[in-house]
2 protein chains.
Amino acid sequence: MSKSFLFLDTIANKVDAKGRVSLPADYRAIVKELSTEIVCYRSLTAPCIEGCTEDLLEKLASDIENSTDFFSETQDDLTNLIFGDAKKFSFDSTGRIMLTEKLLKHAEITDTAVFVGKGRKFQIWSEKNWNEEEARLREKIKLRRPSLKMEDNQ
Amino acid sequence: MSKSFLFLDTIANKVDAKGRVSLPADYRAIVKELSTEIVCYRSLTAPCIEGCTEDLLEKLASDIENSTDFFSETQDDLTNLIFGDAKKFSFDSTGRIMLTEKLLKHAEITDTAVFVGKGRKFQIWSEKNWNEEEARLREKIKLRRPSLKMEDNQ
DNA sequence: TTGATTCCCATAAATTACCATGTTATACCA
DNA sequence: TGGTATAACATGGTAATTTATGGGAATCAA
């Protein structure tokens, strides 16, 4: 039986002058538990950084490899983009990673990085952009409640 | 055959200055039985906190991982809202969890937290909001009853 | 050397673990 | 059945630990 490892919660940590940020403790625990590494890349759809474990990217790679779907060409392209952009990040003894200029710039992060859990993945936003994004999502939900399995058993 | 694990009953416990609340003993028993953890998040539809076992979220994550592609837009939005808001809560040796400001504020809880069982999930309300909600629900049932009776008599 | 990255130490704040007390529910016995 | 002993639970307080974060020394590359 596999232990659960979900990236959860929303945590705002400071980015210091050297570009260092504490990876949230819970996230670190996952990395240690799986003895894997964190991989980050620019989101293809939003002004934020996206991150996951190296494990997940490996799974993605083999999924694509074994796919018999004729129409997965787009997905294939997207995957190439991600792999081309992705970079491994390891944290120091105090739990900090050092994000690159490229990533920070894409996410418009200056002094605060907001980590947002997404289950198997997570995202890193600027405070401003995340506030706007969250408002947008909540608005969207109000209009049409998602028909997720979870919601079915009320 | 799986053991039954339903969150039941309505229990009011005090929230102290630090935000600590005793998780009802029956709820704790479930968590121990399943060797999982409690996860809480702001209800999307009501002024209350919603809680479930981490197992349930795990299942959701797996469903998402398998059923749809890596790049689905709708899924992206949903996972942000659900996993981004959810947080794991483990209880200490005396059975208490520490709720966050964000959650308490959303549920308008100050000094008392009312745990309401909902089967696989549960909710945490302020006394005031729960009294109103319960009254509303009972009222709603009353209105529906005539039609239920008719069906019974057939 | 200069600039950048990594490593290590220090501190304050937040979180967690633990101990003690009061209260309620349960079990037991006369 | 009533009363009491016992266990389980809730709750207040405090000690111990973890985490975030700032700064500096050591290391490395150009």
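Note on naming: letters A, B, ... go to the chains in the order of the sequence lines (proteins, then strands), and numbering restarts at 1 for each one.
A salt bridge links B/Arg136 and B/Glu133; the closest N-O separation between the charged side-chain nitrogens and carboxylate oxygens is under 4.0 Å. With respect to the salt-bridge test (charged N to carboxylate O, under 4.0 angstrom), the residues A/Arg28 and A/Glu37 do not qualify. One finds no salt bridge joining B/Lys128 and B/Glu108 here, because no Lys/Arg side-chain nitrogen approaches an Asp/Glu carboxylate oxygen to under 4.0 Å. Between A/Arg138 and B/Asp77 there is no salt bridge, since none of the side-chain N atoms of the basic residue sits less than 4.0 Å from a carboxylate O of the acidic one.
Listed by residue number, the members of residues 97-110 of chain A with any heavy atom below 4.0 angstrom from DNA chain C are A/Met98.
Checking side-chain atoms of B/Tyr27 against main-chain N and O of B/Ile38 turns up no donor-acceptor pair under 3.5 Å.
In this model, no donor atom of one side chain and acceptor atom of the other lie less than 3.5 Å apart for A/Trp130 and A/Glu132.
Going from atom CZ of B/Phe91 over to atom C1' of C/dC18 covers 16 Å, rounded to whole Å.
Follow the hydrophobic side-chain contacts under 4.5 Å out from B/Phe7 and you reach B/Ile97 in the same cluster.
Cation-pi contact between B/Arg20 and B/Phe91: absent, since separation from the ring centre below 6.0 Å together with deviation from the ring axis within 45° is not met.
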Enumerate the protein-to-nucleotides 8-19 of chain D contacts in which both atoms are nitrogen or oxygen and the separation is below 3.5 Å.
{"from": "D/dA10", "atom 1": "OP2", "to": "B/Arg28", "atom 2": "NH1", "distance (Å)": "2.7"}
{"from": "D/dT11", "atom 1": "OP1", "to": "B/Lys14", "atom 2": "N", "distance (Å)": "3.4"}
{"from": "D/dT11", "atom 1": "OP2", "to": "B/Lys14", "atom 2": "N", "distance (Å)": "3.1"}
{"from": "D/dG12", "atom 1": "N7", "to": "B/Arg96", "atom 2": "NH1", "distance (Å)": "2.8"}
{"from": "D/dG12", "atom 1": "O6", "to": "B/Arg96", "atom 2": "NH2", "distance (Å)": "2.7"}
{"from": "D/dG13", "atom 1": "N7", "to": "B/Arg20", "atom 2": "NH2", "distance (Å)": "2.9"}
{"from": "D/dG13", "atom 1": "O6", "to": "B/Arg20", "atom 2": "NH1", "distance (Å)": "2.6"}
{"from": "D/dG13", "atom 1": "O6", "to": "B/Arg96", "atom 2": "NH2", "distance (Å)": "3.2"}
{"from": "D/dT14", "atom 1": "O4", "to": "B/Lys18", "atom 2": "NZ", "distance (Å)": "2.5"}

